[in-house]
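Worksheet: the structure to be examined is printed underneath.
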Amino acid sequence: MILELRNVHAGYGKITILHGVSLTTGRGEIITVIGPNGAGKSTLMKAVAGHLPTTDGEVQLDGVRIDGSGASKAAAAGVGYVPQERNVFEELSVIENLRVTANAARDATDTIDATFERFPFLAERGNQRADTLSGGERQILAISAALAGRPRVLLLDEPTSGLAPIFVQNIVDWISEVAEEGTAVVWVVEQSPEAILQISDRTYVMDGGQISREIPSSELLDPEELRKVFLGDQREGRQSGA
């Protein structure tokens with residue numbers, strides 16, 4: 001396994017959001033994380049990426065613990081992270097955003113050239129500030145920047161939120177290719193779940209800061225099953241998290 005979480009706990013201050021989360025993903029595998037609002041999905045991504053310290057449990061990358069190392073060391077170890085918000089440096093240009101992570105890679109120039117070849121509109125806007133891009137263009141840039149560092153694991157926190165269908169399909173096709181090249185992908189899904197589940201191998205269902213189910217993603221292509229997952233567990237007093 002490339003990424004393995006064992007009984008991970010994390011939260012904010014005295015509030016615990018993750019209550020013993022365990023999951024795995026292998027090389028070239030796409031796993032999705034689905035659940036109702038407040039299930040702890042974004043908190044999980046932050047904990048794996050080192051943006052939020054864990055309070056218990058382990059996060060291992062290729063058998064080496066990375067929990068407690070911080071965001072910079074997690075990235076250097078091979079974790080690429082695309083948060084749902086603030087996922088680009090708005091004051092920097094398109095090409096500067098790519099260079100921030102690509103400069104850490106051995107073939108930075110080749111990586112940026114490949115990105116511009118795949119997305120000519122990014123090349124055309126290379127010197128524009130990132131805050132001038134449309135929502136879809138920003139998401140493409142954010143994922144491109146994360147991939148420019150050649151991560152072994154790519155964490156995506158709902159990258160298709162609010163995007164037009166053409167951008168959604170573009171991202172889905174792209175991530176499928178990324179996985180085929182060997183990168184493990186963990187994708188938090190809230191919108192456009194059907195398109196994403198089509199390329200996903202397994203799905204972890206989260207509720208109340210815990211994994212409630214691990215199932216083949218194909219089982220969630222049924223609309224009624226999806227509806228149940230997003231409604232979640234209605235138990236009173238459930239801990240909530242972003």
Side-chain angles (χ1 to χ4, degrees), residues 1-35 38-89 97 99-106 142-143 145-159 178-179 182-189 202-212 214 238-242:
M1 290 294 167
I2 294 295
L3 179 68
E4 183 172 5
L5 276 65
R6 298 179 180 176
N7 196 37
V8 170
H9 293 69
Y12 306 92
K14 296 181 179 180
I15 300 175
T16 299
I17 304 298
L18 302 180
H19 303 272
V21 174
S22 298
L23 61 79
T24 62
T25 182
R27 192 181 310 276
E29 187 178 27
I30 299 175
I31 67 168
T32 46
V33 180
I34 290 181
K41 303 182 297 294
S42 292
T43 300
L44 174 63
M45 295 294 101
K46 292 175 184 176
V48 176
H51 289 251
L52 182 69
T54 58
T55 56
D56 198 3
E58 298 183 6
V59 178
Q60 294 190 2
L61 189 65
D62 266 345
V64 178
R65 288 188 65 171
I66 60 171
D67 52 283
S69 63
S72 296
K73 290 186 177 180
V79 177
Y81 173 46
V82 182
Q84 189 170 4
E85 298 177 347
R86 299 180 181 179
N87 50 23
V88 297
F89 296 102
N97 267 275
R99 284 174 176 162
V100 166
T101 49
N103 282 342
R106 296 180 180 178
I143 298 171
L147 288 172
R150 294 300 180 92
R152 289 182 283 174
V153 175
L154 178 64
L155 309 177
L156 300 172
D157 191 353
E158 189 41 60
V178 167
T183 302
V185 179
V186 182
W187 191 328
V188 169
V189 177
R202 292 181 291 119
T203 294
Y204 287 93
V205 180
M206 285 195 72
D207 193 31
Q210 298 176 312
I211 301 294
S212 61
E214 176 191 349
R238 185 184 65 188
Q239 293 280 357
S240 65

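Keep in mind that what you see is a predicted model, and the values were worked out from it rather than measured.
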Original post:
What is the minimum heavy-atom distance between K41 and M206, and which atoms define it?
Top reply: CA-SD, 4.0 Å

Original post:
Quick one: does L154's side chain get under 4.5 Å of L147's, heavy atoms only?
Top reply: yes

Original post:
Any donor-acceptor pair under 3.5 Å linking the side chain of N7 with the backbone of G57?
Top reply: no

Original post:
Does E29 pair with R27 as a salt bridge, N-O distance under 4.0 Å?
Top reply: no

Subject >> Check: D56 and V8 side chains under 4.5 Å, non-hydrogen atoms >> reply: no

**OP:** For residues V188 and M45, determine if any side-chain heavy atom of one lies less than 4.5 Å from a side-chain heavy atom of the other.
**Re:** yes

Original post:
Do L156 and Y81 have side chains that get closer than 4.5 Å, going by heavy atoms?
Top reply: no

Subject >> Contact check, side chains of D62 and R152, non-hydrogen atoms, under 4.5 Å >> reply: yes

Subject >> Main-chain N/O of V59 paired to D67 side chain as donor or acceptor, under 3.5 Å >> reply: yes

Subject >> I31, V186, T24 screened by side-chain contact (heavy atoms from CB on, under 4.5 Å) with L3, the one that passes >> reply: V186

Original post:
With a 4.5 Å limit on heavy-atom distance, are the side chains of V33 and W187 in contact?
Top reply: no

**OP:** Check the pair V153, T183 against side-chain contact (heavy atoms from CB on, under 4.5 Å), reporting the backbone distance first and the verdict last.
**Re:** CA-CA 6 Å; V153 175; T183 302; 5.9 Å; no

Original post:
Does one side chain, of Y204 or S212, offer a donor that lies under 3.5 Å from an acceptor on the other?
Top reply: no

Original post:
Ignoring hydrogens and geometry, is there a side-chain-to-backbone donor-acceptor pair from R6 to L23 under 3.5 Å?
Top reply: no

Original post:
How close do A47 and A10 get, heavy atom to heavy atom, and via which atoms?
Top reply: CB-CB, 4.2 Å

**OP:** May I ask you to test the I143-P159 pair for a side-chain heavy-atom distance under 4.5 Å?
**Re:** yes

**OP:** Test side-chain contact (heavy atoms from CB on, under 4.5 Å) on V185 and L155 and set out the steps.
**Re:** CA-CA 6 Å; V185 179; L155 309 177; over 6 Å; no

